[in-house]
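Heavy-atom basis, side chains included; hydrogens, waters and symmetry copies ignored.
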Amino acid sequence: MSNASTSTVQLRYFAWVREKIGVADEIRSVPDSIITVADLIDWLKTQGAEYQAAFANPGIIRTAIDQKHVTNDVALGDGKEVAFFPPVTGG
Amino acid sequence: MSVRVQNEDFDIAAEMKAITDRRSDIGACVSFTGLVRGEADGKALLDMSLEHYPGMTEAELQRIEAEANERWPLNASRIIHRIGKLEPGAQIVLVITASPHRQAAFEAAQFIMDFLKSDAPFWKKETLASGEAEWVSCREGDATAKNRWQKS
């Protein structure tokens, strides 16, 4: 057991973010020092080349917490599910 | 109000009839249909694949539809969006709005499409006739189209 406390979060990826990372979803233990969406992205970028590639340009990535759009300065709070995806292109 | 995300095609006339049938309070019924264009940046398109975020997609569409119903006096509305593989000419999306008068129906349909384009979590991947496949990038104009509805 590590002393550093962590929380578990369900991560989901869509479109080319999913393709670059190589999985559609995963459950991760995230250090509690991570407060905002931007912190989480910075941390994910340390998790391997595929994450670095997916988040190379974080400004273009869109995020949803518990299936609601948020901006990257928002705190993760009690969010259970965090999704990352490119700007949407439906319609 | 109703929202559907489905693989199957839809029948515009049947959907409109379902809304207007057996009632006489509707004076105007507007429908918008989005179709797959056969070319992308001047290159021939083989097909298009539509991915979405199950759960969030339906929630976003319901939120957009509810907001349209709040802003305009609508008798009824419907949003249908397809997912999966679609060929050129195929129908992608249907929006129907019904109101006692045309102005509200026209405006609400445009509002729904503008918000759907920038908020509903769908992503298109195009496969060209050459075999090349690429994710569609968002258009600057979509955000502008949405912003014009901002209340001052």
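No donor-acceptor pair under 3.5 Å is formed between the side chain of B/R71 and the backbone N or O of B/A68. Without hydrogens or angle criteria, B/E132 side chain to B/T127 main chain gives no donor-acceptor distance under 3.5 Å.
A salt bridge between A/R18 and A/D25 is absent, with no side-chain N of the basic residue lying under 4.0 Å from a carboxylate O of the acidic one. Between B/K125 and A/E19, at least one side-chain nitrogen of the basic residue sits less than 4.0 Å from a carboxylate oxygen of the acidic one, meeting the salt-bridge criterion. For B/E39 and B/K43, the salt-bridge test fails: no basic side-chain N is under 4.0 Å from an acidic carboxylate O.
In this structure, the portion of A/A64 lying under 4.5 Å from any heavy atom of chain B is its side chain and not its backbone. Proximity to chain A is absent for every atom of B/D142, based on heavy atoms less than 4.5 angstrom apart.
Residues A/I27 and A/V9 have side chains not in contact (no heavy-atom distance under 4.5 Å, counting atoms from C-beta outward). With a 4.5 Å cut-off on side-chain heavy atoms, B/T33 and B/V93 do not count as touching.
In this structure, the side chain to side chain donor-acceptor pair (under 3.5 Å) partners of B/K17, at least two apart in sequence or on a different chain, are B/D21.
Residues of residues 35-54 of chain A placed with any heavy atom under 4.5 Å of a heavy atom in chain B are absent; none qualify. Within residues 73-91 of chain A, the residues having any heavy atom closer than 4.5 Å to a heavy atom of chain B are A/E81, A/A83, A/F85, A/P86, A/P87, A/V88, A/T89, A/G90, A/G91, listed by residue number.
Most heavy-atom pairs under 4.5 Å with chain A: of the set B/S49, B/G34, B/A120, B/A59, this distinction falls to B/A120.
Across B/T97 and B/A105, no two heavy atoms sit closer than the pair OG1-O, 2.7 Å. The two residues B/A76 and B/I19 come nearest to each other via the heavy atoms CB-CG2, 3.8 Å.
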What pairs of donor and acceptor atoms, side-chain ones from residues 55-62 of chain A against any protein atom, are under 3.5 angstrom apart with sequence neighbours left out?
from, atom 1, to, atom 2, distance (Å)
A/R62, NH1, A/G59, O, 3.4
A/R62, NH1, A/I60, O, 3.3

